[in-house]
Structures are given as structure tokens and as C-alpha cells.
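Encoded as C-alpha cells, the structure appears first; notes follow it.
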Number of protein chains: 2
Amino acid sequence: MTARFTVTARVLAVLAAFSATNPRLTLTEISRRTGLPLTTTHRLVGELAAWGALERAGDGRYRIGLRLWEVGSLAPRSLGLRESAMPFLEDLYEVTRENVQLAVLDGTEVVYVERLSARSAVSVITRVGGRLPLHATGVGLVLLAHSPPELQERVLAGPLRRYTRKTICRPDELRRMLADVRRTGVAISDGQIELVSLSVAAPVRGPGGEVVAAVSVVVPAPETHPATNPLSYVPAVRAAARGISRALGHS
Amino acid sequence: MTARFTVTARVLAVLAAFSATNPRLTLTEISRRTGLPLTTTHRLVGELAAWGALERAGDGRYRIGLRLWEVGSLAPRSLGLRESAMPFLEDLYEVTRENVQLAVLDGTEVVYVERLSARSAVSVITRVGGRLPLHATGVGLVLLAHSPPELQERVLAGPLRRYTRKTICRPDELRRMLADVRRTGVAISDGQIELVSLSVAAPVRGPGGEVVAAVSVVVPAPETHPATNPLSYVPAVRAAARGISRALGHS
DNA sequence: GACGGCCCTTCCGCTGAGCGGAAGGATGGT
DNA sequence: ACCATCCTTCCGCTCAGCGGAAGGGCCGTC
């Protein structure tokens with residue numbers, strides 16, 4: 001039988017077999033999910049485990065290992081960014097007592113790099129290291145609004161997935177929203193992922209003024225909490241974004 | 001020429017070429033650090049970059065990519081643990097206003113999984129994703145004290161690296177400290193890594209009662225700040241450790 | 001302009017690292 | 001005992017991976 005692809009690609013396929021919904025897998029499950037023969041999987045997994053990229057627990061299942069996370073933590077766009085942003089995220093968390101999030105753009109999705117949550121804050125489905133589409137989240141809208149036109153067109157070309165009845169799914173509506181974000185400098189996403197949540201987000205800029213991340217607070221939506229005034233969060237989110245930008249060398 | 005080791009091992013060697021002191025590398029530097037011929041390095045790096053494990057910036061240098069961190073964030077012992085611990089870390093941070101850290105054991109070192117720092121807190125050299133030896137840090141002493149005897153003997157066999165004049169470097173002294181940690185349930189490490197810092201650490205337990213992590217506060221050392229009373233932090237650190245343990249299913 | 005140092009990028013004949021079917025084993029449930 | 005599921009080991013075969021060689025780009029120095 002001919003090999004389907006390179007060893008490197010196979011190794012990476014093994015790593016990509018793990019997900020938030022399938023964080024622990026048997027050898028056979030990894031084989032199935034990757035399409036690699038069991039013996040091949042066995043060889044690769046064995047080596048990855050020896051190195052620490054995968055760890056095998058008492059139940060015989062494999063999970064992503066500490067060593068992989070450790071190397072991954074060197075990524076400037078994740079924990080490197082988080083390091084610079086943390087004081088300002090903490091400040092924002094202090095003054096709002098709500099969910100605070102930091103995210104970056106990757107492909108056509110946002111990747112959440114950090115999150116600080118109060119026990120009393122509205123629950124959010126985001127996970128550090130997790131992804132969501134650009135069009136439906138505060139941080140995603142900020143990142144999309146400031147991205148190259150080609151990317152914007154690509155996203156606008158759809159499909160724009162619906163999460164709730166409030167999710168922006170029409171390209172013309174999204175286009176207007178993006179223009180508004182660029183004009184006002186903040187994005188307000190109300191009930192687009194979950195009806196109970198509203199996020200206020202602002203752009204974080206790098207040394208050359210380019211938008212490199214977005215910071216947001218997620219608060220109860222006015223629909224379920226009439227006392228919520230989204231606009232009251234704008235100054236604090238802006239201040240946090242400016243602080244982080246400064247820490248990143250933006251002048 | 002005979003290959004020195006497998007493709008998988010080579011891929012992992014490329015990833016391991018990156019470190020906190022060398023987070024960005026040229027292709028030639030990666031080749032040098034791994035000992036792989038330039039052409040081989042070029043092939044592997046190209047594929048890793050295509051996948052997102054490495055990212056190449058405008059300066060032509062490679063750095064660890066977001067995708068690798070993203071997969072790594074699935075590791076139960078890092079961000080998975082952090083997720084459960086975060087509320088309690090935040091509480092500890094609130095009540096102390098000092099550095100708060102969460103760490104796990106790997107090999108003969110601690111790996112820092114999370115850190116919350118106040119701007120006014122004493123500076124610490126630890127980095128999320130970074131490592132330090134077990135014998136010289138509060139969290140390390142906790143993890144070592146509760147580790148299998150073989151590991152303890154291995155560490156006691158040395159070498160025990162010295163960081164300051166206060167670092168415990170004699171095996172008999174360390175053995176006594178470990179017994180003390182087990183007896184009192186907390187570790188106090190005074191000026192062992194930096195003379196200006198003192199840490200108070202306690203064990204975090206998993207469902208079966210096994211120690212799976214350690215939580216600590218790092219405060220100014222009494223030597224430089226005579227007003228510091230380390231014992232005053234013990235109850236709060238203990239409470240945080242208990243809270244995290246409970247969240248992990250320990251009863 | 002010439003030269004050297006450094007950092008790539010591409011090519012392609014050769015061969016041994018990687019492949020995976022086959023065989024066998026362990027465990028748990030019925 | 002049988003079956004399903006999940007491994008673990010073996011080994012002949014072949015093509016994926018190898019890396020020296022060739023070539024190129026960029027920058028600094030003389």
C-alpha cells in the first residue's frame with residue numbers, strides 16, 4: 001500500500017486528532033480519527049509519548065502532554081502576548097468584575113489566548129486555546145474589521161454560521177457592522193453566540209499600529225438583564241486595549 | 001550518510017530548538033541547534049510552518065506558532081488544570097495582592113502552569129511554561145515531598161544547584177525540609193532562588209488524594225522586607241489549595 | 001565593483017527508514 | 001467459551017526521505 005503522506009504530516013495529524021471534545025483518546029481511536037493504520041499509529045504515538053508530546057494515563061488513554069504545551073507556550077502570539085497583556089487584563093477584570101478575554105486572529109477564526117472570569121459573571125462558552133468564527137464575537141468583529149480586505153471579503157462570502165436568532169448572518173449586515181467598528185473603534189456583539197451574553201471589544205495594536213489582538217468584556221445581555229448598559233464598559237475596555245498596545249510598543 | 005534518528009525525533013528536535021532564550025530562530029540557526037543538515041531542516045521546517053506549528057515573521061525568523069500552542073492547550077496538566085484552579089487562584093490573588101503561582105511536576109523539575117502578578121508585587125523570574133528545579137522553590141518542595149521515594153532519592157543524590165547563599169544544597173538539609181513539608185502540609189522557601197523573594201506553597205490533590213500540583217504565593221523576603229510574616233500567608237494558600245483540590249474531585 | 005559571510009532554496013540519484021499486514025495476546029462482558 | 005475491543009510485536013519490501021552539490025540573494029566592508 002502506498003503511503004498517503006509524509007511522516008511529519010502524520011505526526012501532526014496525530015496531534016490534531018485531539019480536540020476539546022476528544023481530549024483523551026485510545027490508540028485505536030487515534031488510528032481511526034487520523035486514518036492511519038494501527039501499527040503506524042502505534043509507532044508514532046509511542047515516540048511522541050516518549051518525548052512528552054503525548055502522555056498516557058492509567059486508563060490507557062493518551063492525552064496531549066505537558067511538554068507540547070510547554071513548547072507551545074513560547075508562541076509569541078499566545079502566552080507571549082498574554083504576558084504583556086496580563087496587568088491590563090487584571091485591571092479590566094478588577095473594575096468590571098465580568099469576563100475578560102484576549103484573542104488573536106488565525107485564518108478565519110479567533111483564538112482565545114486568555115480569559116479571566118468571576119464566579120458571578122455570566123457564563124461563556126469560550127475556552128483558552130479555543131476558536132470561534134470572526135463574525136459572531138466581539139473580538140472577532142474587531143479583528144475582522146481591521147484585517148486585510150481580502151480576508152474580509154472571504155468571510156463575507158460566507159457561510160456565516162448562526163448561533164442564535166441574533167447572530168449576524170447576512171453579508172450586508174456584517175459589512176455595516178464592520179464599518180461601524182472601524183468608525184467607533186469598538187465592537188458590541190449582543191447575543192450573537194449566546195442570547196444571555198453581550199461583549200464589548202476593542203483592538204490591541206502592535207509597534208507599527210497594526211491590530212494584533214482584541215480585548216473584550218463579556219457581560220449579561222440587556223435582553224436578560226435590563227440593567228446592563230453596554231456603553232458603560234466602553235471606556236474601560238478601551239483603556240485596557242490602549243494599555244496593552246503600549247506594552248507591545250505601540251506609540 | 002546514515003540518518004541519525006527517526007523523522008519524528010527530528011521534528012521534535014526542531015520544536016525543542018526553541019527556548020525562552022531563543023524564541024526566534026533562522027533556518028540556519030535551527031539547523032545548527034539540532035545538528036540536522038540545512039536541507040533536512042528546510043524540509044521539516046517548511047512542513048511545520050505550513051501546518052502552523054511554526055510561524056515565520058517578516059524578519060525571516062521562525063517562532064513557535066499559534067497552532068502548536070492551541071493543541072498544547074488541551075493538555076490536562078496545564079490549561080486543563082488551570083481552568084479548574086483559576087477561580088481559587090484569583091481569590092488568592094485578591095486577598096494577598098502578591099504573586100500567585102500554580103505548578104506541576106515533570107521529571108525532576110516544576111513547570112509553571114499559571115501566574116497572577118500584581119504590579120506592586122516583588123518580581124519573580126518564573127515564566128508560565130517555564131521550569132525550575134524542585135529543591136529550590138516552594139512549589140517544587142511541595143511536589144518533591146509528596147513524590148515517590150525513588151524520585152526523592154534521585155533528587156537528593158544531586159547535584160542540587162545553588163541560586164543564592166540561601167539555596168538548600170546539602171542533601172541532609174533538603175531531606176529535613178521535605179519531612180517538614182510533609183508534616184506541616186506547607187513549604188516555605190525563603191530566598192532560595194532570589195534573595196528578595198519568599199514563597200509559601202501547598203499541595204493540590206486529585207480525586208484519589210494524590211498530589212497533582214502545587215499552589216503558592218511569592219512575597220518579599222523578610223531579609224529585605226522585615227514586615228513580611230510568611231506564616232500569615234499559610235491559611236490563604238491552604239484554602240486555595242483545598243479549593244482547587246475540591247474542584248479536581250478530591251473529597 | 002569585488003569579495004566574503006550569512007542565509008536560504010532547489011535538484012535528484014540512492015538507500016535504509018518507514019511501512020503495515022499478519023500473528024498473537026490481554027481484558028472485559030455475556 | 002466466545003466475541004468485541006484494544007493493543008503489541010515481527011519482518012520483508014519499497015519508496016519517502018536524505019543531503020551534498022549547485023545556485024542565488026542580501027548586506028557589509030574594502
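Throughout, protein chains are lettered first and strands after them, A, B, ... in sequence-line order, and every chain is numbered starting at 1. Nothing here was measured: the structure is a model prediction, and the numbers come from that model.
Side-chain contact check for B/Thr8 and B/Thr6: no donor-acceptor pair (N or O, by modelled atom type) lies under 3.5 Å.
Put simply, CG on B/Leu36 is 17 Å from C1' on C/dC7, counting in whole angstrom units. Atom CG of B/Leu54 is separated from atom P of C/dC8 by 13 Å (rounded to the nearest Å). The distance from atom CD of B/Glu47 to atom C1' of D/dG17 is 11 Å, rounded to the nearest whole Å. Taking atom CZ on B/Phe5 and atom P on C/dG18, their separation rounds to 11 Å, with Å as the unit. Rounded to whole Å, the distance from CG on A/Leu44 to C1' on C/dG20 is 12 Å. We find that CZ of A/Arg43 is positioned 12 Å from P of C/dG21, with the value rounded to whole Å.
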(request) Heavy atoms under 4.0 Å is the rule here; annotate nucleotides 7-13 of chain D 5' to 3' with B where the base is hit, S where only the sugar-phosphate is, and - elsewhere. (result) BBBB---
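B/Thr34 approaches B/Ala13 most closely through the heavy-atom pair CG2-O, 3.4 Å. Residues B/Ser147 and B/Leu105 approach most closely at CB-CD2, 4.3 Å, considering heavy atoms. When all heavy atoms are compared, the tightest approach of A/Arg82 to B/Arg115 is NH2-O, 3.5 Å.
In this model, the phosphate group of D/dC6 is approached by a side-chain N or O of A/Arg32 to a distance below 4.0 Å at OP1 or OP2. For B/Thr40, a side-chain nitrogen or oxygen approaches OP1 or OP2 of D/dG19 to under 4.0 Å. B/Arg10 has a side-chain polar atom (N or O) that falls below the 4.0 Å cut-off from OP1 or OP2 of D/dC18.
Contact check for B/Leu74 versus A/Arg127: side-chain heavy atoms found under the 4.5 Å cut-off.
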